[in-house]
Amino acid sequence: MNTPLFGQAIPVLASLDLPRTLAFYQDTLGFKVRHIDQAGYGIARRDGTELHFWKCDERHIAENTSCYLRVGNIAAVHAELRQRIASLGAVVHTDWGMDELYVIDPDGNLLEFGQERHAG
């Protein structure tokens, strides 16, 4: 049996204020979080998704960063987040066959939630 050369990719996003960032991911997005204060680092996990955060003082870095999170049911994600994010837009049906939902975190990072659209 061959061991894969590559494993899971984990985005590392900029955070201007780690406690605020982690509170957003926990309270708004439903992640379990861990703040490693002495390292200026944070971790958020939900189901099979893991995101990391590093303390950064430059907002333009976060505002020019995004990550894509594949989800199993975009409609369910939208329904859950709609209860917590008043400005949440509708699910977008892209020309490349994905149904997507966009959230910008308090630091300016763009989170793109996506599910492949099945022909039907």
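Everything quoted here is computed from the prediction, not taken from an experiment.
- Linking Ile, Leu, Val, Met, Phe, Trp and Tyr residues whenever their side-chain heavy atoms come within less than 4.5 Å leaves Val91 and Tyr102 in two separate clusters.
- Counting only distance, with no hydrogens or angles, the side chain of Gln115 and the backbone of Ile74 share a donor-acceptor pair below 3.5 Å.
- The two residues Gly108 and Arg59 have their closest heavy-atom pair at N-NH2, 3.9 Å.
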Requested in this report: Let me see the working for Phe113 and Leu81 under side-chain contact (heavy atoms from CB on, under 4.5 Å), right down to the final yes or no.
Outcome: CA-CA 11 Å; Phe113 297 88; Leu81 296 184; 4.3 Å; yes
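- Looking only at side-chain heavy atoms (C-beta outward), Thr65 and Leu110 stay at 4.5 Å or farther from each other.
- For the pair Met98/Arg70, a side-chain contact is recorded, criterion being any heavy-atom separation below 4.5 Å from C-beta on.
- Taking the side chain as every heavy atom from C-beta outward, Asn109 and Ser66 never approach each other to under 4.5 Å.
- In this structure, Arg84 does not pair ionically with Asp27, as no charged nitrogen and carboxylate oxygen lie closer than 4.0 Å.
- Side-chain atoms of Asn64 come within 3.5 Å of backbone atoms of His60 as a donor-acceptor pair (strictly under, hydrogens ignored).
- Within the 4.5 Å cutoff, no side-chain heavy atoms of Cys67 are placed close to those of Glu112.
- The only option from Val33, Asp17, Val103, Asp107 that meets the side-chain contact (heavy atoms from CB on, under 4.5 Å) definition with Phe24 turns out to be Val103.
- Using modelled atom types, no side-chain atom of Arg34 and backbone atom of Arg45 make a donor-acceptor pair closer than 3.5 Å.
- In this structure, Phe53 has its ring center closer than 6.0 angstrom to the ring center of Tyr25.
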Report task. Just do the salt bridge (Lys or Arg N to Asp or Glu O under 4.0 Å) check on Asp57 and Lys55 with the steps written out, would you? Result -> CA-CA 7 Å; Asp57 294 327; Lys55 177 70 176 99; 2.9 Å; yes
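- With hydrophobic clusters built from ILVMFWY side chains whose heavy atoms lie under 4.5 angstrom apart, Leu69 shares a cluster with Ile85.
- Side chains of His52 and Glu50: a donor-acceptor N/O pair is present below 3.5 angstrom, by distance only.
- Residues Leu111 and Ile43 do not share a hydrophobic cluster, defined by chaining ILVMFWY side chains whose heavy atoms lie under 4.5 Å apart.
- Remark: side-chain polar atoms of His78 are paired, donor with acceptor, to backbone N or O of Gly89 under 3.5 angstrom.
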